[in-house]
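Right, one structure below, let's go through it.
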Amino acid sequence: MGDTSFALIDGNSFYCACERVFDPSLKDRPVIVLSNNDGCAVARTPEAKALGIKMGAPYFKIRDLCDKERVAVFSSNYALYGDMSARMNAIYRDVAPEVEIYSIDESFLSLGIIPPHERVTFSRDLRAKVLKWTGIPTCVGIGPTKTLAKLANHIAKSNSGLGGVCDLTSAEERKYWLPRVAISEVWGVGAASQRKLAQMGVKTASCLASLDSSVARKLMTVVGEKTVLELRGVSCLALEAVAPQRKGCAVTRSFGRKVTQLSDMLEAVATHATRGAEKLRRHGLEAGHITVFMHTSPFAEGPPHSASRTVHFPEPTADTIDLIRATGRAVKDIFRPGYGYAKSGIIMEDLVEAGSSPRSLFDTRDREKSEALMQAYDAINQRFGRGSVTAASAAAKDSTWQTKFEMCSPRYTTVLEDLPQAIARVHSKG
DNA sequence: TCTGGGGTCCTAGGACCC
DNA sequence: TCTGGGGTCCTAGGACCC
């Protein structure tokens with residue numbers, strides 16, 4: 001048995017890198033990818049960062065700069081990023097005994113069975129393979145705990161001399177690097193904890209590692225206590241190779257334009273409910289209750305309004321019609337005329353595996369009928385594309401409320417018409 | 001005059017993550 | 001004009017019970 005050892009591998013400027021894979025003209029050009037509704041910059045290449053474009057910068061504030069500097073700007077293309085992510089994880093699963101997919105571009109690998117002196121070479125080989133097979137550049141951090149592996153990854157990213165790999169396995173390496181990293185870079189330390197820690201003079205990762213763990217607990221709950229121990233090399237967070245059953249499932253969107261009419265709000269929420277029910281069925285789940293919310297923009301001048309309503313189902317369901325009915329009633333109850341709403345959403349909770357809950361004696365719905373209808377519905381949309389059939393209340397092709405995606409690249413890898421074309425010229429020798 | 005105490009469950013809100 | 005979406009975990013405090 002080896003000791004505990006983790007690697008954290010992630011894509012560099014991942015969304016931007018995905019765009020570059022399929023458009024070589026973006027090489028060396030600054031690239032950014034925007035959040036939903038073309039709201040803020042959520043991914044930037046080093047060239048874009050060098051122009052001063054900050055993480056989360058609202059697009060309308062940086063648009064002029066982007067035009068002037070010929071920044072390539074993209075809406076989020078989740079079909080593309082999700083597919084590239086799956087390709088990377090397939091490679092990890094090939095080379096590591098256990099893989100935990102932590103986010104769309106980050107995975108933890110267990111390296112315990114690899115001898116300590118071979119871990120850096122292993123990581124360099126892995127980076128090379130991922131680059132060759134997917135086109136995505138990565139960095140790898142290695143450590144005896146997940147928190148140290150995350151920290152090592154950050155160090156690898158910000159010190160180009162390390163060749164994309166940093167190993168914090170040894171105490172000497174940690175003694176060198178931890179005083180050079182600010183607490184804001186430590187996994188689990190957010191703005192609130194940063195403020196409290198700074199007041200006590202704790203400013204670097206090494207300071208935090210030597211903080212009394214009971215003090216850390218008082219300041220940042222048990223989560224912070226674990227962070228301190230992990231920084232010392234005591235593993236408190238295990239690799240989760242099997243994703244635990246999810247607790248909730250949400251569909252929320254900002255509107256392309258402010259919504260003032262009840263009819264538009266009903267249509268938007270019915271569309272969320274439709275998407276939500278599809279999501280539940282795809283995961284084989286049913287929801288016990290659903291919450292609808294809507295609110296005005298926190299940045300707007302006018303009077304604010306925020307409201308939510310939770311509806312409990314008589315028994316768990318993933319039926320589109322059930323969800324639309326429940327959310328429709330809730331919307332009518334909480335909608336206030338006279339406000340310009342910026343966002344609405346649904347949150348489904350109390351999730352159970354489909355069919356696992358005992359049937360209610362008094363349930364009057366015909367479950368078999370509902371399940372058959374939903375199966376047919378999903379099959380048609382699978383075959384002919386999302387939205388081919390839909391509930392009348394959710395039908396909306398060109399509604400004013402639709403979220404903006406005005407600069408989306410093609411779905412290169414998941415939609416046939418969008419496949420990139422390669423042209424090979426064959427010269428025959430006469 | 002003087003009015004318990006301890007347990008469970010649920011929810012809202014905060015903090016954090018990418 | 002224009003500021004994302006989708007998660008997790010922890011804690012405090014109220015409701016309720018005996």
Side-chain angles (χ1 to χ4, degrees), chain A residues 8 10-15 32-44 53-64 66 73-78 81-82 85 100-108 146-147 150 153-154 183-197 216-227 236-237 240 243-258 272 275-276 279 283 288-289 291 293 295-302 306 308 310 312 340 342-351 400 403-407:
Chain A
L8 180 76
D10 75 343
N12 302 342
S13 314
F14 179 61
Y15 292 177
I32 64 171
V33 175
L34 303 176
S35 63
N36 269 341
N37 215 26
D38 295 341
C40 332
V42 292
R44 307 108 71 216
I53 298 174
K54 297 270 183 279
M55 181 67 179
Y59 180 50
F60 72 90
K61 287 189 181 172
I62 55 171
R63 182 176 286 162
D64 289 345
C66 290
V73 182
F74 292 92
S75 305
S76 293
N77 183 345
Y78 295 111
Y81 313 148
S85 172
E100 173 187 337
I101 301 173
Y102 177 66
S103 76
I104 193 164
D105 77 320
E106 281 174 278
S107 291
F108 285 102
K146 287 167 117 179
T147 304
K150 277 282 271 186
N153 179 281
H154 165 77
I183 45 168
S184 56
E185 306 300 337
V186 175
W187 193 33
V189 179
S193 305
Q194 242 176 91
R195 236 174 291 122
K196 291 184 210 165
L197 290 167
R217 185 174 191 136
K218 207 168 272 171
L219 245 52
M220 311 153 66
T221 80
V222 65
V223 179
E225 185 179 22
K226 284 183 184 168
T227 299
C236 302
L237 307 170
E240 292 184 34
Q245 215 228 266
R246 52 161 74 211
K247 306 246 156 52
C249 183
V251 179
T252 71
R253 291 286 178 278
S254 294
F255 300 124
R257 263 182 272 160
K258 299 279 175 282
H272 299 338
R275 202 68 67 234
K279 228 165 147 179
H283 290 96
H289 63 256
T291 301
F293 72 84
H295 59 72
T296 52
S297 167
F299 307 101
E301 293 285 311
S306 170
S308 71
T310 300
H312 291 262
K343 181 173 178 173
S344 72
I346 59 162
I347 302 164
M348 298 162 289
E349 284 169 307
D350 212 353
L351 305 185
T400 56
T403 303
K404 281 190 282 188
F405 282 94
E406 289 171 354
M407 296 159 281

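None of these values were measured; they are calculated from a predicted model. First the proteins, then the strands, lettered A, B, ... as listed; each starts at 1.
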| query | Does A:R246 put a side-chain nitrogen or oxygen below 4.0 Å from OP1 or OP2 of C:dG7? | reply | yes
| query | Which atom pair, heavy atoms only, marks the closest approach of A:A216 to A:G224? | reply | CB-O, 4.0 Å
| message | For a quick test of reading the model: is some side-chain N or O of A:K258 closer than 4.0 Å to OP1 or OP2 of C:dT1? | response | no
| Could you state the CD1-C1' distance from A:I32 to C:dT3, rounded to the nearest angstrom? | 13 Å
| query | Could you state the interatomic distance from OG (A:S85) to OH (A:Y15), rounded to the nearest 0.5 Å? | reply | 9.0 Å
| field | A:I347 CD1 to C:dG6 P, straight-line distance once rounded to whole Å | value | 10 Å
| task | Tell me what A:G345 touches on the nucleic acid: a base, only sugar-phosphate, or nothing, going by heavy atoms under 4.0 Å. | result | nothing
| note | By side-chain hydrogen bond (donor to acceptor under 3.5 Å, both in side chains), A:R217 pairs with (sequence neighbours left out) A:E225
| task | Could you check which of C:dG7, C:dT3, C:dC10 has an atom nearest any side-chain atom of A:V222? | result | C:dC10
| query | To the nearest Å, how far apart are A:K247 NZ and C:dT8 P? | reply | 6 Å
| What integer distance in Å separates A:D38:CG from C:dT3:C1'? | 12 Å
| request: Can you sort out the partners of A:E406 under side chain to side chain contact (heavy atoms under 4.5 Å, CB included), two or more places apart, ordered by chain and number? | output: A:D38, A:K404
| message | Using a 4.0 Å heavy-atom cut-off to protein, can you give one letter per nucleotide of nucleotides 11-18 of chain B, 5' to 3': B if the base is in contact, S if only the sugar-phosphate is, - if neither? | response | ----SSSS
| query | Rounding to a whole Å, what distance do you find between A:F293:CZ and C:dG4:C1'? | reply | 11 Å
| field | Helix axis bend for the helix from B:dG5-C:dC18 to B:dC18-C:dG5 - C1'-based end axes, five pairs, 10° rounding | value | 10°
| Of the nucleotides C:dT3, C:dT8, C:dG5, which one has an atom closest to the side chain of A:S254? | C:dG5
| said: How close do A:A41 and A:I53 get, counting heavy atoms only, and between which atoms? | reply: CB-CG2, 4.2 Å
| task | Please list residues of residues 56-64 of chain A whose heavy atoms come under 4.0 Å from any atom in DNA chain C, ordered by number; otherwise none. | result | A:P58, A:F60, A:K61
| request: Tell me whether the OP1 or OP2 atom of C:dC10 has a side-chain N or O from A:R217 closer than 4.0 Å. | output: no
| Expressed in angstrom and rounded to an integer, what is the separation of A:R253 atom CZ from C:dT3 atom P? | 15 Å
| Spacing of A:L237 atom CG relative to C:dT8 atom P, expressed in whole Å | 16 Å
| remark: By side-chain hydrogen bond (donor to acceptor under 3.5 Å, both in side chains), A:Y59 pairs with (sequence neighbours left out) none
| said: Closest approach to the side chain of A:S35, judged atom by atom: which nucleotide of C:dG4, C:dG5, C:dC10 is it? | reply: C:dG4
| field | Which residues share a side chain to side chain contact (heavy atoms under 4.5 Å, CB included) with A:M348, sequence neighbours left out | value | A:C249, A:L280, A:A287, A:I290, A:L323, A:I346, A:L351
| task | Whole angstrom is fine here: how far is it from CD in A:E349 over to P in C:dT8? | result | 9 Å
| field | side chain to side chain contact (heavy atoms under 4.5 Å, CB included) against A:S344, all qualifying residues, sequence neighbours excluded | value | A:F255, A:M265, A:A268, A:V269, A:H272, A:M294
| request: Apply ring-ring contact (aromatic ring centres under 6.0 Å, His included) to A:H283 and list each qualifying residue two or more places apart in sequence or on a separate chain. | output: none
| remark: So the side chain to side chain donor-acceptor pair (under 3.5 Å) pairs with at least one residue in residues 246-255 of chain A (sequence neighbours excluded) are none
| task | Please determine if a side-chain N or O atom of A:K343 lies less than 4.0 Å away from the OP1 or OP2 oxygen of C:dT3. | result | no
| said: Please report the interatomic distance CD(A:E100) to CD(A:E240), rounded to the nearest 0.5 Å. | reply: 5.5 Å
| field | Qualifying residues under side chain to side chain contact (heavy atoms under 4.5 Å, CB included), relative to A:S306, sequence neighbours excluded | value | A:H295
| message | Taking C:dT3 as the reference, what is the distance to B:dC17 when you measure between their P atoms (whole Å, please)? | response | 25 Å
| field | Residue A:T221, side-chain atoms from C-beta onward, closest of C:dT8, C:dC10, C:dG7 | value | C:dC10
| field | Comparing A:F299 and A:K279 on DNA chain C - which has the more 5′ nearest nucleotide | value | A:F299
| message | Using the side-chain heavy atoms of A:V251, tell me which of these nucleotides is nearest: C:dT8, C:dT3, C:dG6. | response | C:dG6
For residues 101-108 of chain A, tabulate all N or O donor-acceptor pairs below 3.5 Å that involve a side-chain atom, not counting sequence neighbours.
| from | atom 1 | to | atom 2 | distance (Å) |
| --- | --- | --- | --- | --- |
| A:Y102 | OH | A:W187 | NE1 | 3.2 |
| A:S103 | OG | A:D105 | N | 3.4 |
| A:S103 | OG | A:D105 | OD1 | 3.2 |
| A:S103 | OG | A:E106 | N | 3.4 |
| A:S103 | OG | A:E106 | OE1 | 3.2 |
| A:E106 | OE2 | A:K150 | NZ | 2.6 |
| A:S107 | OG | A:N89 | OD1 | 2.6 |

